[in-house]
> 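Got a structure here, written out as structure tokens. Questions coming.
Here is the naming used below: chain letters follow the sequence lines, and residue numbers restart at 1 for every chain.
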Amino acid sequence: MTKQHWLVKSEPEAYAWADLVRDQRTDWTGVRNYQARIHLNAMRKGDAVFFYESVTTKAVVGIAEVTTTAFPDPTADEPGWVAVALKGVRPLPQPVTLAAIKGEKSLATIALLRQSRLSVMPLTATEFTKILQLGGA
DNA sequence: GCCAACGTTGGC
DNA sequence: GCCAACGTTGGC
């Protein structure tokens with residue numbers, strides 16, 4: 001299967017890109033939303049993942065990669081919830097702000113804008129490439 | 001700090 | 001199964 005593209009959101013106060021850089025890898029736990037769970041389950045090793053910081057930063061700040069497909073989330077009280085493992089790959093030379101994404105016509109349909117509360121979402125290859133461009137990568 | 005959007009819960 | 005109430009997320 002060809003590589004898929006994803007975007008995950010995190011409040012930097014909870015877990016920031018800088019934390020992933022420090023840790024090098026992390027288990028992406030704590031997702032408690034059915035739609036996000038479907039996306040976690042669809043992730044494959046080697047898929048590319050944008051790291052978006054919400055609330056204070058409001059920008060895509062880095063690129064990560066899936067290193068382990070979905071496994072049971074050890075932080076969940078009930079069975080069925082899953083986590084994946086991610087490793088940090090590199091920061092974007094320039095963060096791509098929410099405002100910049102909103103200002104880009106070709107990104108008008110991305111899930112980030114359409115479903116503001118979804119924390120794990122797929123991106124098309126075109127969307128992924130566009131954000132890379134905006135980030136100067 | 002406020003509020004809109006959205007998901008979840010629980011009463012009927 | 002519907003819908004009101006409530007909690008959470010996240011932009012502004």
> Would you name the heavy atoms of A:Leu118 and A:Ala36 that are closest together and state the gap between them?
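Taking every non-hydrogen atom into account, CD1-N, 3.8 Å.
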
> Quick one: A:Gln115 CD to C:dG10 P, roughly how many Å, whole number?
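After rounding, the reported distance stands at 12 Å.
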
> Could you give the CZ-to-P distance, from A:Arg37 to B:dT8, as a whole number of Å?
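For the pair A:Arg37 CZ and B:dT8 P, the rounded distance is 10 Å.
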
> Tell me: CD of A:Glu53 to P of C:dT9, nearest whole Å?
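In whole Å, C:dT9 P lies 17 Å from A:Glu53 CD.
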
> Taking only side-chain N and O atoms of A:Lys9, does any of them lie within less than 4.0 angstrom of OP1 or OP2 on C:dG10?
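It does, given that an N or O in the side chain of A:Lys9 lies less than 4.0 Å from OP1 or OP2 of C:dG10.
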
> Taking only residues at least two apart or on different chains, which pairs with a member in residues 75-89 of chain A satisfy side chain to side chain donor-acceptor pair (under 3.5 Å)?
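For residues 75-89 of chain A, and leaving out neighbouring residues, the side chain to side chain donor-acceptor pair (under 3.5 Å) pairs sorted by first residue read A:Arg32-A:Thr75, A:Asp73-A:Thr75.
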
> Considering residues at least two apart in sequence or located in another chain, which fulfil the side-chain hydrogen bond (donor to acceptor under 3.5 Å, both in side chains) criterion with A:Arg22?
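Partners of A:Arg22 under the side-chain hydrogen bond (donor to acceptor under 3.5 Å, both in side chains) test: A:Asp19.
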
> Summarise protein proximity over nucleotides 2-7 of chain C in one line of letters, 5' to 3': B for base, S for sugar-phosphate only, - for none, counting protein heavy atoms closer than 4.0 Å.
-----B

> Find the distance A:Leu112:CG to C:dT9:P and express it as a whole number of Å.
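Atom-to-atom, A:Leu112 to C:dT9, this comes out as 16 Å.
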
> Specify the closest pair of heavy atoms between A:Leu20 and A:Ala64, including all atoms of both residues, with the distance to one decimal.
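Smallest heavy-atom distance, with atoms named: CD2-CB, 4.0 Å.
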
> In whole Å, I'd like the distance from the CZ atom of A:Arg114 to the C1' atom of C:dG11.
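Nearest whole value for this atom pair: 18 Å.
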
> What integer distance in Å separates A:Leu7:CG from C:dG10:P?
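About 11 Å, once rounded to whole Å.
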
> Looking at every non-hydrogen atom in both residues, tell me the closest pair between A:Tyr52 and A:Leu112 and how far apart they are.
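Here A:Tyr52 and A:Leu112 meet closest at CE1-CD2, 4.0 Å.
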
> Side chain of A:Tyr34 only, please: which of C:dG10, C:dG11, B:dT8 is the nearest?
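Minimum distance to the A:Tyr34 side chain belongs to B:dT8.
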
> Specify the separation, in whole Å, of atom NZ of A:Lys58 and atom C1' of C:dG10.
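In whole Å, C:dG10 C1' and A:Lys58 NZ are 9 Å from each other.
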
> Using whole Å, what does the distance between atom C1' of nucleotide B:dT9 and atom CG of A:Asn33 come to?
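Taking CG of A:Asn33 and C1' of B:dT9, I get 15 Å after rounding.
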
> So does A:Tyr52 get a side-chain nitrogen or oxygen closer than 4.0 Å to the phosphate oxygens (OP1/OP2) of C:dT9?
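Looking at the OP1 and OP2 atoms of C:dT9, neither is under 4.0 Å from any side-chain N or O of A:Tyr52.
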
> For the pair A:Lys130 and A:Glu104, find out whether any cationic side-chain nitrogen is under 4.0 Å from an anionic carboxylate oxygen.
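Yes.
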
> Which heavy atom of A:Val89 sits nearest to which heavy atom of A:Trp17, and what is that distance?
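It is N-CH2, 4.1 Å.
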
